Student: 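Mind having a look at this structure? Questions to follow.
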Amino acid sequence: MLTLKFIQENRKTVIDSLKVKNFDATQLVDAILEKDELRKKTQQQQEECQAQMNTISKEIGMLFKDGKAQEANAAKEQSTQLKENIKVFTSRLSEIESELHKLLVQIPNIPHVSVPVGKCDTDNEKIREGGVMPVLADSAKQPHWDLAKQYDLIDFELGVKITGAGFPVYKGKGARLQRALINFFLDENEKAGYTEVLPPLVVNEDSGFGTGQLPDKEGQMYHVTEDNLYLIPTAEVPVTNIYRDVIVSENELPIKNTAYSACFRREAGSYGKDVRGLNRLHQFDKVEIVAIEKPERSYAMLDSMVAHVETLVQKLSLPYRILKLCGGDMSFTSALTFDFEVYSAAQERWLEVSSVSNFESYQANRLKLRYRIEGEKRNQLAHTLNGSALALPRIMAAILENNQTEKGIQIPEVLVKYCGFNVID
RNA sequence: GGAGAAAUGGCCGAGUGGUCGAAGGCGCACGCCUGGAAAGUGUGUAUCCGUCACAAGCGGAUCGGGGGUUCGAAUCCCUCUUUCUCCGCCA
């Protein structure tokens, strides 16, 4: 969330820039400012009583020590009313604070100045593209779900039997290819300076709040109600939350982590060609990169993450394009997001395989993730960033479709050593 | 799952109702000492909020979380969480 101070000092900027996200924040912002005034006033009243009470208590202590019990008891009487007042102010204050908090979390992150105006994904700005668009022969132009069946790589029906739609079973060379991709991505990320972590796949409420999934977006996550835990929709959640309530020193930055995890998403309301085959699943594998950096360097970090992800799709020889998301297509918490899409030649459509974002201090403020600046008194909120590097299913789909021939599916060169085979036939 | 013990600052560790935001040690930072370093020595060393100039000063809060008793709680009570020991179970 945005800090109160920022909203106070930049009321107009907040309102204006959120228009780019098609969000009218005027009423919210004003309600927040008003509520905070009330908070301050109430807090002052409460603290004044508190201070008086502390003084009296000390006096009573002294009196008892000096053996002046009578005077002490008189002072006790005096404190009764004060105590009552404190109680009233305290409960009023905590109510106001929780109302204020509820308002505060409703404000999305403000977009970076470079974010294009737009309503939906058609308004995204193409930054660049690369790779060679494959030309498939008519005799070898099957969508990946057919290929998966033909070569017995992925069994969607079996997943339905075991769990339900959207939980495929990878088999044989399909499973092996999946594992090869995971290892390839992790190795590449480590080479680029990201330290691997293997996080829990289930998180508590605090973690869900820290990265912005909770409140409001709980419908997207599977909820284990018995223990009040959530299955992670992305490794971003547990990995970023490693740094919740942490104060790092300046020279520890940047922090760079990579993590493989299964991801679980309810995807309520999705339908049609979007959910066909591997296009959209309830459980899928993803390798994530997460970075924590100083504010003044976070956009350089974002660029380097984008550049790194680009090398991954290049090494896999997939045709890709990079989009800068418009305000309307960005997530609630992001300040600037680049999406990567690869072309899936048989479906003849672009599939999103990575989303790389700078959250600036929006998550950090929720996480209380700060860093200590040499020679300065106050700690600063750090900036958090993350991106997929990469999400597996659609990469798998594109590899299968783009590399199909009448004789089988060619494995990209970089994966051969991970797979142990160079063709699926 | 059952029984018991514990949770204090970056770390270790005192503190069982009053001036304790918290002794002492370690670590760290700066200074002195030194040709340089070590040793020695001095000073400093949590976070948040309010007032204010995001200064100083002042006030408030925080000793795992929440609640309670009390004029007053790190200290007493309740509850939750976590850790350790023993038993059970298990990959």
Side-chain angles (χ1 to χ4, degrees), chain A residues 1-11 32-101 103-104 198 200-210 224-230 238 241-253 255 294-296 361 364-382:
Chain A
M1 59 192 175
L2 300 178
T3 65
L4 203 46
K5 191 193 276 187
F6 185 84
I7 297 172
Q8 279 163 350
E9 290 169 0
N10 306 280
R11 180 183 173 276
I32 285 167
L33 296 179
E34 200 178 311
K35 190 67 80 179
D36 187 51
E37 282 310 308
L38 183 61
R39 187 211 109 230
K40 279 183 196 168
K41 216 177 91 196
T42 311
Q43 184 175 330
Q44 278 164 26
Q45 289 172 319
Q46 192 255 21
E47 285 182 357
E48 198 181 312
C49 292
Q50 201 81 255
Q52 282 178 34
M53 185 60 120
N54 287 345
T55 311
I56 291 177
S57 293
K58 270 181 196 169
E59 281 168 12
I60 292 173
M62 302 276 228
L63 290 170
F64 272 123
K65 218 169 214 173
D66 297 344
K68 298 174 186 167
Q70 221 166 22
E71 287 175 52
N73 284 323
K76 268 197 207 179
E77 309 254 318
Q78 199 192 341
S79 67
T80 318
Q81 182 59 44
L82 210 45
K83 202 180 177 184
E84 205 46 49
N85 291 349
I86 291 176
K87 216 175 205 168
V88 171
F89 285 131
T90 305
S91 73
R92 196 179 292 170
L93 181 61
S94 69
E95 197 179 314
I96 291 167
E97 278 173 340
S98 94
E99 285 166 5
L100 182 58
H101 187 256
L103 293 172
L104 223 37
L198 189 60
L201 305 181
V202 184
V203 296
N204 60 28
E205 219 172 354
D206 286 345
S207 295
F209 176 79
V224 184
T225 51
E226 177 119 25
D227 301 293
N228 196 25
L229 298 171
Y230 296 85
N241 272 281
I242 291 173
Y243 306 97
R244 171 154 49 85
D245 288 316
V246 166
I247 302 173
V248 297
S249 60
E250 198 174 6
N251 58 28
E252 291 174 66
L253 299 175
I255 292 168
K294 296 197 226 182
E296 63 268 31
S361 60
N365 187 219
R366 290 171 159 241
L367 294 158
K368 300 284 165 269
L369 163 56
R370 291 157 294 175
Y371 71 102
R372 203 175 286 111
I373 305 177
E374 198 70 34
E376 273 197 38
K377 277 219 137 152
R378 289 181 72 84
N379 296 321
Q380 282 276 329
L381 290 173

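Note that the coordinates shown come from a computational prediction; the quantities given were computed from them, not determined experimentally. So that the names make sense, note that chain A is the first sequence line, chain B the second, and so on, each numbered from 1. Side chains are part of it too, since the values below use all heavy atoms of this structure and drop only hydrogens, waters and symmetry mates.
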Student: My understanding is that only one of A:D245, A:N379, A:N365, A:V248 makes a side chain to side chain contact (heavy atoms under 4.5 Å, CB included) with A:R370; could you say which?
Tutor: A:N379
Student: If I pick the C1' atom on B:rC33 and the same atom on B:rG40, what distance separates them, to the nearest angstrom?
Tutor: 8 Å
Student: Could you pull out the closest heavy-atom pair between A:Q8 and A:D36, with the gap in Å?
Tutor: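 Minimum heavy-atom contact is NE2-OD2, 2.6 Å.
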Student: Taking atom C1' of B:rG65 as reference, at what distance in whole Å does atom CZ of A:R244 sit?
Tutor: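 My rounded result for the distance is 13 Å.
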Student: Whole-Å distance between B:rU69 C1' and A:K76 NZ?
Tutor: 13 Å
Student: Taking B:rU19 as the reference, what is the distance to B:rC86 when you measure between their C1' atoms (whole Å, please)?
Tutor: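 That atom pair is separated by 44 Å.
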Student: Would you mind classifying the nucleic acid contact of A:S57 as base, sugar-phosphate or nothing, using non-hydrogen atoms under 4.0 angstrom?
Tutor: base
Student: Using the C1' atom as the reference point in each nucleotide, state the distance between B:rA91 and B:rU85 in Å, no decimals.
Tutor: 23 Å
Student: Enumerate, in order of first residue number, the stems that involve RNA chain B, defined as 3 or more consecutive Watson-Crick or G-U wobble pairs with both distances under 3.5 Å.
Tutor: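 Stem list for RNA chain B: B:1-7 with B:81-87, B:10-12 with B:24-26, B:27-32 with B:40-45, B:46-51 with B:57-62, B:64-68 with B:76-80.
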Student: Using ring pair (Phe, Tyr, Trp, His ring centres under 6.0 Å) as the criterion, list what pairs up with A:F209, not counting sequence neighbours.
Tutor: A:H101
Student: Please give the distance between the P atoms of B:rC63 and B:rG1 as a whole number of Å.
Tutor: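 It comes out at 29 Å once rounded to the nearest Å.
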Student: With a 4.0 Å limit, can you tell me whether A:K83 has a side-chain N or O closer than that to the phosphate oxygens OP1/OP2 of B:rG72?
Tutor: yes
Student: Check the side chains of A:E97 and A:S94 for a donor-acceptor pair under 3.5 angstrom, ignoring hydrogens and angles.
Tutor: no
Student: Do you know the tightest heavy-atom contact between A:L104 and A:M1?
Tutor: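 Shortest heavy-atom separation between A:L104 and A:M1 comes out as O-CB, 4.1 Å.
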Student: For the P atoms, the ones on B:rU70 and on B:rG10, what distance do you get once it is rounded to whole angstrom?
Tutor: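 Per the computed distance, 34 Å lies between those P atoms.
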Student: Name the nucleic acid region contacted by A:I60, choosing base, sugar-phosphate or nothing; use a 4.0 angstrom heavy-atom cut-off, strictly under.
Tutor: base
Student: Are A:R372 and A:E250 ion-paired here, with the side-chain N under 4.0 Å from a carboxylate O?
Tutor: no
Student: Closest heavy-atom contact between A:F64 and A:N73?
Tutor: CZ-OD1, 4.2 Å
Student: Could you give the distance separating B:rG25 and B:rU45 at their P atoms, to the nearest angstrom?
Tutor: 15 Å
Student: Between B:rG50 and B:rG44, how far apart are the two C1' atoms, rounded to whole Å?
Tutor: 26 Å
Student: Looking only at side chains, do A:S207 and A:N204 share a donor and an acceptor under 3.5 Å apart?
Tutor: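 Result is yes, a qualifying pair exists.
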Student: Between B:rU16 and B:rC11, how far apart are the P atoms? Round to whole Å, please.
Tutor: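 Comparing P positions in B:rC11 and B:rU16 gives a spacing of 23 Å.
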Student: State, to 0.1 Å, how close A:S361 and A:L381 come at their nearest heavy-atom pair, and which atoms those are.
Tutor: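 Nearest heavy atoms, A:S361 then A:L381: CB-CB, 3.9 Å.
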Student: Quickly work out the A:K87 NZ to B:rG67 C1' distance and round it to whole Å.
Tutor: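 Value for this atom pair: 12 Å.
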Student: Spell out protein contact along nucleotides 46-60 of chain B as letters: B when the base is contacted, S when just the sugar-phosphate is, - when no protein heavy atom is under 4.0 Å; keep the 5' to 3' order.
Tutor: -SSBSS--B-S--BS
Student: Write down the distance between CD (A:E97) and C1' (B:rA61), rounded to a whole number of angstrom.
Tutor: 10 Å
Student: Rounded to the Å, how far apart are A:M53 CE and B:rU70 P?
Tutor: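 The answer, rounded to whole Å, is 11 Å.
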Student: Expressed as a whole number of angstroms, how long is the span from A:N228:CG to B:rC80:P?
Tutor: 16 Å
Student: Find which nucleotide of RNA chain B each of A:K58 and A:S79 is nearest to by heavy atoms, and output the residue with the more 5' nucleotide.
Tutor: A:K58
Student: For A:M62 and B:rG17, what is the distance between atoms CE and P respectively, to the nearest whole Å?
Tutor: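 Atom-to-atom, A:M62 to B:rG17, this comes out as 19 Å.
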Student: Does one side chain, of A:Q81 or A:N85, offer a donor that lies under 3.5 Å from an acceptor on the other?
Tutor: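 Judged by distance alone, the side chains do pair up.
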